[in-house]
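Model, not experiment: these values are computed from the prediction. What's counted below: heavy atoms across the whole structure, side chains too, no hydrogens, waters or symmetry copies.
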Amino acid sequence: MITLPARAFLASAVPAAVLLGALGPAPSAAGAAQGPSLDARVTAVSARELGRSWHPGCPVAPAGLRRVRMNHWGFDGRVHAGELVVRKQAVRPLLHVFGRAFDARFPIRRMRPMAAFGGSDTAAMRADNTSAFNCRAVTGDASRLSQHSYGDAVDINTLENPYVDRNGRVYPAAGAAFLDRRRTAKGMIRSGDVITRAMRRVGWQWGGRWQPPDYQHFSANGR
């Protein structure tokens with residue numbers, strides 16, 4: 001297993017793919033004794049572990065994906081262990097984003113890989129889950145492949161940041177209560193907040209600016 005403290009990983013000028021292939025186990029983050037930290041750990045992931053979120057013919061093979069285990073602040077004000085599966089090229093930018101979110105104590109309800117939901121995007125959204133890789137069609141538009149299939153898109157706090165499809169249907173249904181972005185609620189993403197600033201810093205784009213909007217969605221190429 002390859003273990004990388006988040007700050008050491010981010011500080012290195014070596015490309016992520018080289019780091020992941022060349023470095024062995026590293027000690028825990030130096031600041032861990034002083035308080036909670038992101039404590040990110042990056043490992044390979046197998047087809048078996050990906051479950052129904054991957055199948056032969058997907059645009060990225062398991063070898064091109066990485067599992068990122070890291071801490072996050074929950075809605076209860078406590079630190080929880082989370083897990084994302086992402087394309088290996090997305091590891092570095094997303095560690096930056098979630099590192100900034102952790103430092104700001106931005107709350108995340110839960111962070112589980114899509115295998116935990118049998119690859120069902122609707123089930124994951126109902127659970128207010130934060131996730132990344134999932135080889136599937138666009139929810140509400142089966143004619144297009146979702147950017148999540150490439151592992152360089154992430155959805156954050158899906159209930160508080162709902163998605164509206166091209167037919168006007170809201171996902172998850174309970175998220176309709178959060179379409180009024182003037183309201184204040186834990187975990188909502190707003191223009192200029194720690195999430196959108198960090199995403200902009202790494203060049204990722206926000207679906208909250210689309211019409212219809214996808215407030216939970218960020219991607220490397222804006223799709």
Side-chain angles (χ1 to χ4, degrees), residues 3-7 9-10 28-43 49 51 53 67-86 91 93-118 120-134 148 153-163 170-199 204 206-208 213-218:
T3 304
L4 296 173
R7 296 191 186 280
F9 185 91
L10 288 168
S28 299
Q34 301 174 7
S37 65
L38 188 68
D39 193 24
R41 300 164 188 267
V42 182
T43 64
E49 291 167 324
S53 70
R67 186 205 328 259
V68 182
R69 293 185 176 99
M70 58 186 160
N71 291 330
H72 65 85
W73 290 96
F75 279 45
D76 58 1
R78 298 180 178 180
V79 175
H80 298 267
E83 183 177 320
L84 287 180
V85 174
V86 304
V91 170
L94 288 182
L95 282 181
H96 171 80
V97 171
F98 285 101
R100 293 290 179 138
F102 189 89
D103 290 345
R105 297 198 175 201
F106 179 85
I108 294 173
R109 177 87 63 183
R110 60 177 50 85
M111 186 187 291
R112 298 288 180 267
M114 287 303 299
F117 299 91
S120 170
D121 188 42
T122 53
M125 284 191 284
R126 283 197 302 268
D128 202 10
N129 189 54
T130 293
S131 64
F133 174 78
N134 190 20
H148 290 275
V154 63
D155 292 337
I156 300 173
N157 289 344
T158 52
L159 174 63
E160 294 78 17
N161 303 291
Y163 158 56
V170 180
Y171 297 88
F178 296 91
L179 287 177
D180 181 356
R181 305 310 283 179
R182 296 170 298 179
R183 69 177 294 179
T184 300
K186 287 182 179 180
M188 285 183 72
I189 297 170
R190 303 177 185 280
S191 180
D193 70 3
V194 64
I195 298 291
T196 58
R197 290 198 313 270
M199 287 289 186
W204 284 41
W206 184 31
D214 190 351
Y215 293 113
Q216 62 196 245
H217 183 85
F218 293 86

Q: Report yes or no: does Asn161 contribute a side-chain atom to a donor-acceptor pair with the main-chain N or O of Ile189 at less than 3.5 Å?
A: yes
| request: Go through the steps to decide whether His148 and His217 satisfy the test side-chain contact (heavy atoms from CB on, under 4.5 Å), and finish with yes or no. | output: CA-CA 10 Å; His148 290 275; His217 183 85; 3.3 Å; yes
*Please assess Phe98 against Val68 for the test side-chain contact (heavy atoms from CB on, under 4.5 Å), listing each intermediate value before the final yes or no.*
CA-CA 11 Å; Phe98 285 101; Val68 182; over 6 Å; no
Pairing of Arg67 and Glu83 as salt bridge, 4.0 angstrom limit: yes
Measuring only between side-chain heavy atoms, which start at C-beta, is Arg112 closer than 4.5 Å to Phe117? yes
Q.
Are there over 12 heavy-atom neighbours, none belonging to Arg100, within less than 6.0 Å of that residue's CZ?
A. no
*Taking the side chain as every heavy atom from C-beta outward, state whether Arg110 and Asn129 have any pair of such atoms under 4.5 Å apart.*
yes
Any side-chain heavy atom of Asn157 within less than 4.5 Å of one from Ile108?
-> yes
Heavy-atom nearest pair, Ile195 first then Ala101, reads CD1-CB, 3.7 Å
Q) Tell me, do Met70 and Val42 make a side-chain contact under 4.5 Å, heavy atoms counted? A) no
Residues Leu159 and Pro162: closest non-hydrogen pair is O-CD, 3.7 Å
Correct closest heavy-atom pair for Ile156 and Thr130 would be CA-OG1, 3.5 Å
In this structure, CZ of Arg126 is separated from CG of Asp121 (nearest 0.5 Å) by 10.0 Å
Practice problem: For side-chain contact (heavy atoms from CB on, under 4.5 Å), just list the numbers for Asn71 and His80, CA-CA rounded to whole Å, side-chain angles, deciding distance to a tenth of an Å, and then say yes or no. | Solution: CA-CA 5 Å; Asn71 291 330; His80 298 267; over 6 Å; no
message: Is it the case that atom CZ in Arg78 sees more than 12 heavy atoms from other parts of the structure closer than 6.0 Å?
response: no
Should Arg190 and Thr184 count as side-chain neighbours, where that means a heavy-atom distance under 4.5 Å?
yes
Does any part of the side chain of Arg183, heavy atoms only, come nearer than 4.5 Å to the side chain of Met188, both counted from C-beta? yes
For Val79 and Pro36, the nearest pair of non-hydrogen atoms, with its separation, is CG2-CB, 3.7 Å
CZ (Phe218) and CE (Met199) are apart, to the nearest 0.5 Å, by 5.0 Å
Query raised in the report: For the rings on Phe102 and Trp73, is their centre-to-centre separation under 6.0 Å?
Result: yes
Close side-chain approach of Val97 to Phe106, heavy-atom, < 4.5 Å: no
Do Val86 and Val154 come within less than 4.5 Å of each other through their side chains, counting heavy atoms only?
no
- Query: Within 45 degrees of the axis of the six-membered ring of Tyr215 and under 6.0 Å from its centre: does Arg181 put its NZ or CZ there?
  - Reply: yes
Between Ala115 and Gly51, the two heavy atoms sitting closest are CB-N, 4.3 Å
- With distance as the sole criterion, is a donor-acceptor pair present between the side chains of Thr158 and Asp155 under 3.5 Å? no
So CG of Leu179 and CZ of Arg182: to nearest 0.5 Å the spacing works out to 12.0 Å
Note: Tyr163 and Gln216 closest approach over all heavy atoms is N-NE2, 3.5 Å
